[in-house]
Novice: 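Got a structure here, written out as structure tokens. Questions coming.
Letters A, B, ... mirror the listed sequences (proteins, then strands); counts begin at 1. Predicted model only: the values in this text are computed from it and were never measured.
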Amino acid sequence: MIPALTGPAGRPFQFGNGKKHDADYGQQDPVNTPLVHPDRIRPVRGGQPGPGPVVYWMSRDQRAEDNWALIHARSLAAERDVPVRVLFCLVPSFLGATARQYGFMLRGLKETAASLHRDGIPFHLIRGNPPDEVPRFLEKAGAGALVTDFDPLRVKRDWLRRVCERITIPACLIDAHNIVPCWKASPKQEYGAYTIRPKIHRLLETFLEPFPRLPPQSVAPSRFPDLPDPDALLHAPGLDDSVPEVPNLRPGSAAGMALLDEFIRDRLSGYATDRNDPNRPGQSGLSPWLHLGQIAPQRVALEIRAADQDDDSVRAFLEELIVRRELSDNYCYYQPAYDAPTGIPDWARRSSEAHRGDRRPFVYSLRELEEARTHDPLWNAAQNGMAVTGKMHGYLRMYWAKKILEWTPDPETAWRTAILLNDKYSLDGRDPNGYAGIAWSLGGVHDRAWNTRPVFGKIRYMSLGGCRRKFDVDQYVRTYGIS
DNA sequence: ATCGGCTCGCGCAA
DNA sequence: TGCGCGAAGCCGAT
């Protein structure tokens, strides 16, 4: 326990008497109400808070609304009567991201910055390597405390660790992405959805609570930085512009919320029956906005639940939004090799090794796969569709990934290829969901053993015939294939 | 259209 | 120690 981050009740940065908040605490005085559940908060560095502003280093959760990390930063600032500043550190090269993903992110950030400025909170975009630049900014701003948002990916955890080594002010981490904080849902890597599901459901009542609405900042600086200029930033040297932005797509929190409204109004009621047909717009399509934190999963869950629609559909959607998404965070948080075949379950690894030398019916190069030039029109259509639209239907993602295992020389190549292509073309690349999905498809993670097959061993196989039985493959190929 | 067998191991009841 | 059952299947029999 770190003294500077601990309130009188032993709960970090508590306000008031610590009693459970009411359903709507928009009316309440932030100074006298514990706004953020203490289990959402993780102190990562102790020390005496300085007299300067509280800085929220925004990373995974790029929104001004419904953001527990920002809410906590504002609470800290209100308590100490200092301003809040939001910092975003733009890295010129991040895990294979291209102009497609940077464009979506930067246009969203511009909107977020404008919202923050309206609330009296300056948004600072800096560029460079976070372990160098974040401490430098904190020093220059005379920051008194640091707040940041939780991300289970190695590179993000590494940044935070190194930032903490270089600063002298207290710092804390908030899980603003998961409804049940990742470390609270489970203390270990879970074996499957069925093992984490009851743990999450037990805690939902506590954590799936309404967001407080805070008044504009009373202590606000007189000067605000310029809003970020996405078009200028996209031309920065070193930025991979090999994949263009997706036209006719609206990044940002407002567009994400509009898409959510449209989904609830027009498509949620059919979700239970339509979601696994790639020819129907049965899925929400929210994943790019969720991935970049432009909208909060918790906001989505609250709205879906309030919609009071077809029970099966609501249940099925919340299962995917909450249980399976948070299982992905659990996997990346507790499994260091979340993006390699060394992290898969024992039965899968034994089986996979036994079939390493199996003859592959087709072997394609990265280039052939990337250019969608295989013998399988469905696979080509899925790959081509992703390259053009930046997304791929959830059901086809499994098929697409499994075929990469079947058509490359070894599992290592398959993992590398699947991750590279997903991260390069998908708007939701580099997300724990993507890593967990690939681990499920290629490594049997969160799955069970199945009938032994060549190459796959006991890892679940999927076939073109199976797809034909489930949906109209030819229609999909007509829509997304290369003619 | 529908059913059963395939196959492993976690978590819980006992 | 035994037992139920699981992140989206496949295949062949009926």
Novice: Checking ring-ring contact (aromatic ring centres under 6.0 Å, His included) against A:Tyr338, which of A:Trp440, A:Tyr435, A:Tyr333 comes through?
Specialist: A:Tyr435
Novice: Any side-chain N or O of A:Lys402 below 4.0 angstrom from OP1/OP2 of C:dA7?
Specialist: no
Novice: Treating A:Trp379 as the side-chain partner and A:Trp400 as the backbone partner, does any N or O pair qualify as donor plus acceptor under 3.5 Å?
Specialist: yes
Novice: Test the A:Arg448-A:Trp450 pair against the cation-pi criterion, namely NZ or CZ under 6.0 angstrom from the six-membered ring centroid and within 45° of the ring axis.
Specialist: yes
Novice: Distance check needed: C:dA7 C1' versus A:Tyr331 OH, whole Å only.
Specialist: 14 Å
Novice: In whole Å, what is the span from the CZ atom of A:Phe456 to the P atom of B:dC6?
Specialist: 22 Å
Novice: Can you tell me if A:Ser463 touches the phosphate of C:dC11, counting only side-chain N or O atoms and a distance under 4.0 Å to OP1 or OP2?
Specialist: yes
Novice: Out of B:dG11, B:dC6, C:dC10, which has the shortest distance to the side chain of A:Asn451?
Specialist: B:dC6
Novice: Answer with base, sugar-phosphate or nothing: what part of the nucleic acid does A:Trp347 contact at a heavy-atom distance below 4.0 Å?
Specialist: sugar-phosphate
Novice: So does A:Gly429 get a backbone contact from the side chain of A:His291, meaning a donor-acceptor N/O pair under 3.5 Å?
Specialist: yes
Novice: Find the partner of B:dT7: check Watson-Crick (N1-N3 plus N6-O4 or O6-N4) and G-U wobble (N1-O2, O6-N3) distances, both under 3.5 Å, and reply none if neither fits.
Specialist: none
Novice: Any side-chain N or O of A:Lys470 under 4.0 Å from OP1/OP2 of C:dC10?
Specialist: yes
Novice: Within the structure shown, what part of the strands sits under 4.0 Å from A:Met398 by heavy-atom distance: base, sugar-phosphate, or nothing?
Specialist: base
Novice: What's the gap between B:dG4 and C:dC5 when it is taken at their P atoms, as a whole Å value?
Specialist: 15 Å
Novice: Work out how far the C1' atom of B:dG11 is from that of C:dA8, and round it to whole angstrom.
Specialist: 23 Å
Novice: Quick one: A:Tyr399 OH to C:dC10 C1', roughly how many Å, whole number?
Specialist: 13 Å
Novice: Is the ring centre of A:Tyr395 less than 6.0 Å from the ring centre of A:Tyr399?
Specialist: no
Novice: In this structure, how many angstroms lie between the P atom of C:dA7 and the OH atom of A:Tyr395, rounded?
Specialist: 16 Å
Novice: Distance-only, no hydrogens or angles: does the A:Glu245 side chain make a donor-acceptor pair with backbone N or O of A:Ala99 under 3.5 Å?
Specialist: no
Novice: Nearest-Å distance, CD1 (A:Ile196) to P (C:dG6)?
Specialist: 16 Å
Novice: Paired with C:dA7: which nucleotide, if any, by Watson-Crick or G-U wobble criteria at under 3.5 Å for both distances?
Specialist: none
Novice: Is there a donor N/O on one and an acceptor N/O on the other, under 3.5 Å, for the side chain of A:Arg324 and the base of C:dA8?
Specialist: yes
Novice: Phosphate oxygens OP1/OP2 of C:dG6: is one of them under 4.0 Å from a side-chain N or O of A:Arg460?
Specialist: no
Novice: Just N and O in the side chain of A:Arg350: are any of them under 4.0 Å from OP1 or OP2 of B:dG9?
Specialist: yes
Novice: Could you go step by step and tell me if A:Asp339 and A:Arg154 meet the salt bridge (Lys or Arg N to Asp or Glu O under 4.0 Å) rule?
Specialist: CA-CA 10 Å; A:Asp339 53 357; A:Arg154 277 191 304 273; 2.6 Å; yes
Novice: With a 4.0 Å limit, can you tell me whether A:Lys458 has a side-chain N or O closer than that to the phosphate oxygens OP1/OP2 of B:dC8?
Specialist: yes
Novice: Can you tell me the distance, in whole Å, between the CG atom of A:Asp447 and the P atom of C:dC10?
Specialist: 12 Å
Novice: So, does A:Arg197 get its side chain near the phosphate of C:dA7, meaning an N or O under 4.0 Å from OP1 or OP2?
Specialist: yes
Novice: Please figure out whether A:Ala449 or A:Pro198 has its closest DNA chain B nucleotide nearer the 5' end.
Specialist: A:Ala449
Novice: Counting side-chain heavy atoms from C-beta on, which of C:dG9, B:dG11, C:dA7 comes nearest to A:Trp450?
Specialist: C:dG9
Novice: Nearest of C:dA8, B:dG11, B:dG9 to any side-chain atom of A:Glu190?
Specialist: B:dG11
Novice: Is A:Tyr461 touching bases, backbone alone, or none of the nucleic acid, heavy atoms closer than 4.0 Å?
Specialist: sugar-phosphate
Novice: Of the candidate nucleotides C:dG6, C:dA8, C:dC11, which contains the atom at the shortest distance from the side chain of A:Asn276?
Specialist: C:dA8
Novice: Whole-Å distance between C:dA7 P and A:Asn433 CG?
Specialist: 15 Å
Novice: Taking atom P in both B:dT7 and C:dG12, what distance in whole Å separates the two?
Specialist: 15 Å
Novice: Distance check needed: B:dT7 C1' versus A:Arg453 CZ, whole Å only.
Specialist: 15 Å
